[in-house]
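See structure below.
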Amino acid sequence: MEPRNAIVTLITGAGSGIGRACALQLARRKHHLVLAGRTESKLADAADEILAFGSGEVMIARADISDPAQARSVVDQTLERFGRVDNLVNAAGVAALAPIEKTTKELLSDTFATNTFGPAYLIAACWPRFRTQKSGCVVNVSSLASQDPFPGFFVYAASKAALDSMTRSVAREGAALGVRTFCVNPGGVETPMLRSLFNEKAIPKNQTLAPEAVATVIVDCIEGRRESDQGKIIVLSNP
């Protein structure tokens with residue numbers, strides 16, 4: 001069905017961290033939201049928080065976006081429910097610390113599948129609708145690690161650098177279609193993923209970014225306040 005004069009935004013990794021913070025900010029702007037992620041309980045908790053203060057409609061789409069069929073299904077469900085998709089926020093991500101000599105086929109496959117291939121599958125699935133609408137916005141959540149990696153981020157940093165490159169391609173190809181594209185590259189963000197890798201001795205809390213601060217930049221991209229940054233890398237350094 002067609003949304004009732006509302007913007008439709010699909011957010012991956014919406015159950016926690018940057019994705020959830022972004023969903024909460026856009027909910028206050030009455031977006032219709034599709035919350036995608038692998039853990040349904042986290043998505044349901046995020047949806048409950050959103051609905052508690054009133055918003056547009058909220059749909060949960062449990063999916064592993066590293067699987068091309070599941071990624072396409074999320075887009076298909078979005079279009080079936082709302083009839084359009086205006087914004088795609090690729091916030092889902094995985095990270096592991098491993099020295100270079102411990103690099104394995106599985107580590108490479110798993111990291112690139114979520115951080116690089118997943119966004120690519122979703123962008124490709126949204127593209128025909130963007131073309132029909134003659135509009136769309138893609139915001140990829142990358143990492144400062146793509147340019148300045150911690151030791152142990154040999155694979156993770158490479159997967160995010162590839163996402164940076166895809167952003168430039170999407171911006172170039174999408175310009176003629178009215179598709180706007182951005183890449184937000186924060187340093188350490190105070191999320192469960194960060195704390196699964198680094199304790200507060202390694203990265204003190206006062207040296208991390210709040211997920212809400214990153215979400216504000218994403219919202220600024222969507223709402224047209226960062227137009228000069230289309231196709232560029234938006235670096236958010238740590239405090």
Side-chain angles (χ1 to χ4, degrees), residues 3-14 16-36 46 49-50 53-58 78 82 84-93 119 122-123 126-127 129-131 133-148 160 163-191 208-239:
R4 295 182 294 277
N5 299 317
I7 298 168
V8 179
T9 300
L10 165 56
I11 304 171
T12 69
S16 64
I18 295 168
R20 182 168 179 154
C22 185
L24 289 167
Q25 291 192 26
L26 291 174
R28 292 184 172 90
R29 290 159 169 81
K30 308 302 181 185
H31 284 222
H32 288 336
L33 296 173
V34 179
L35 310 181
E49 184 175 0
I50 289 166
F53 59 77
S55 69
E57 297 180 34
V58 181
T78 300
F82 298 116
R84 63 185 294 119
V85 57
D86 298 289
N87 307 300
L88 169 64
V89 179
N90 286 309
L122 289 161
I123 292 166
C126 287
W127 208 253
R129 179 57 56 173
F130 288 162
R131 184 186 298 277
Q133 294 170 180
K134 297 183 173 57
S135 67
C137 180
V138 177
V139 184
N140 293 322
V141 179
S142 182
S143 172
L144 185 59
S146 70
Q147 301 169 62
D148 185 18
K160 291 298 191 178
L163 184 61
D164 294 353
S165 179
M166 287 199 309
T167 300
R168 291 186 285 271
S169 294
V170 174
R172 178 70 61 86
E173 209 168 321
L177 306 178
V179 178
R180 301 155 53 244
T181 310
F182 305 87
C183 198
V184 179
N185 294 44
V189 183
E190 193 61 40
T191 64
T208 61
L209 294 161
E212 293 77 12
V214 183
T216 295
V217 176
I218 294 169
V219 173
D220 284 346
C221 292
I222 289 171
E223 294 189 336
R225 289 185 288 276
R226 304 289 303 235
E227 292 303 276
S228 63
D229 290 320
Q230 284 194 56
K232 298 178 182 178
I233 306 306
I234 303 173
V235 173
L236 304 180
S237 300
N238 291 87

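In what follows, residues are counted from 1 in the order of the sequence shown. Worth knowing before you read on, the calculation uses all heavy atoms, side chains too, and leaves out hydrogens, waters and symmetry mates.
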Heavy-atom distance under 4.5 Å between the side chains of [X] and [Y], does that happen here?
X      : Y      : result
Leu236 : Leu144 : no
Arg225 : Val219 : yes
Lys232 : Phe182 : no
His31  : Ile222 : yes
Leu177 : Trp127 : yes
Ser135 : Arg84  : yes
Ile218 : Ile18  : yes

Looking only at non-hydrogen atoms, find the nearest pair between [X] and [Y] and report the distance.
X      : Y      : value
Leu35  : Ala23  : CD2-CB, 3.8 Å
Ala92  : Gly13  : CB-N, 3.6 Å
Met166 : Pro119 : CE-CB, 4.4 Å
Ser146 : Asp164 : OG-OD2, 2.7 Å
Ala171 : Gly231 : CB-CA, 3.5 Å
Val139 : Cys137 : CG2-SG, 4.0 Å

Which value, rounded to the nearest 0.5 Å, describes the distance between [X] atom [atom1] and [Y] atom [atom2]?
X      : Y      : atom1 : atom2 : value
Cys183 : Asn90  : SG    : CG    : 9.5 Å
Leu163 : Arg168 : CG    : CZ    : 10.0 Å
Leu26  : Thr9   : CG    : OG1   : 5.0 Å
Thr181 : Asn140 : OG1   : CG    : 7.5 Å

Has the side chain of [X] got a donor or acceptor atom that lies under 3.5 Å from a matching backbone atom of [Y]?
X      : Y      : value
His32  : Glu57  : yes
Asp86  : Val8   : yes
Thr12  : Ala91  : yes
Arg180 : Cys221 : yes
Glu212 : Gln25  : no
Asn185 : Ile233 : no
Ser142 : Lys160 : yes

side-chain contact (heavy atoms from CB on, under 4.5 Å) evaluation trace for Phe130 with Ile123: CA-CA 10 Å; Phe130 288 162; Ile123 292 166; 5.8 Å; no
Chi angles and distances behind the side-chain contact (heavy atoms from CB on, under 4.5 Å) call for Val235, Gln147: CA-CA 10 Å; Val235 173; Gln147 301 169 62; 3.7 Å; yes
Arg29/Ile7 under side-chain contact (heavy atoms from CB on, under 4.5 Å): CA gap, chis, key distance, verdict: CA-CA 9 Å; Arg29 290 159 169 81; Ile7 298 168; over 6 Å; no
Option passing side-chain contact (heavy atoms from CB on, under 4.5 Å) with Pro186 (candidates Val217, Asn238, Thr191, Leu209):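 Filter result, single survivor: Leu209.
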Crowding at CD, Glu173 (>12 non-hydrogen neighbours, <6.0 Å):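 No, because the 6.0 Å sphere around CD of Glu173 holds 12 heavy atoms or fewer from other groups.
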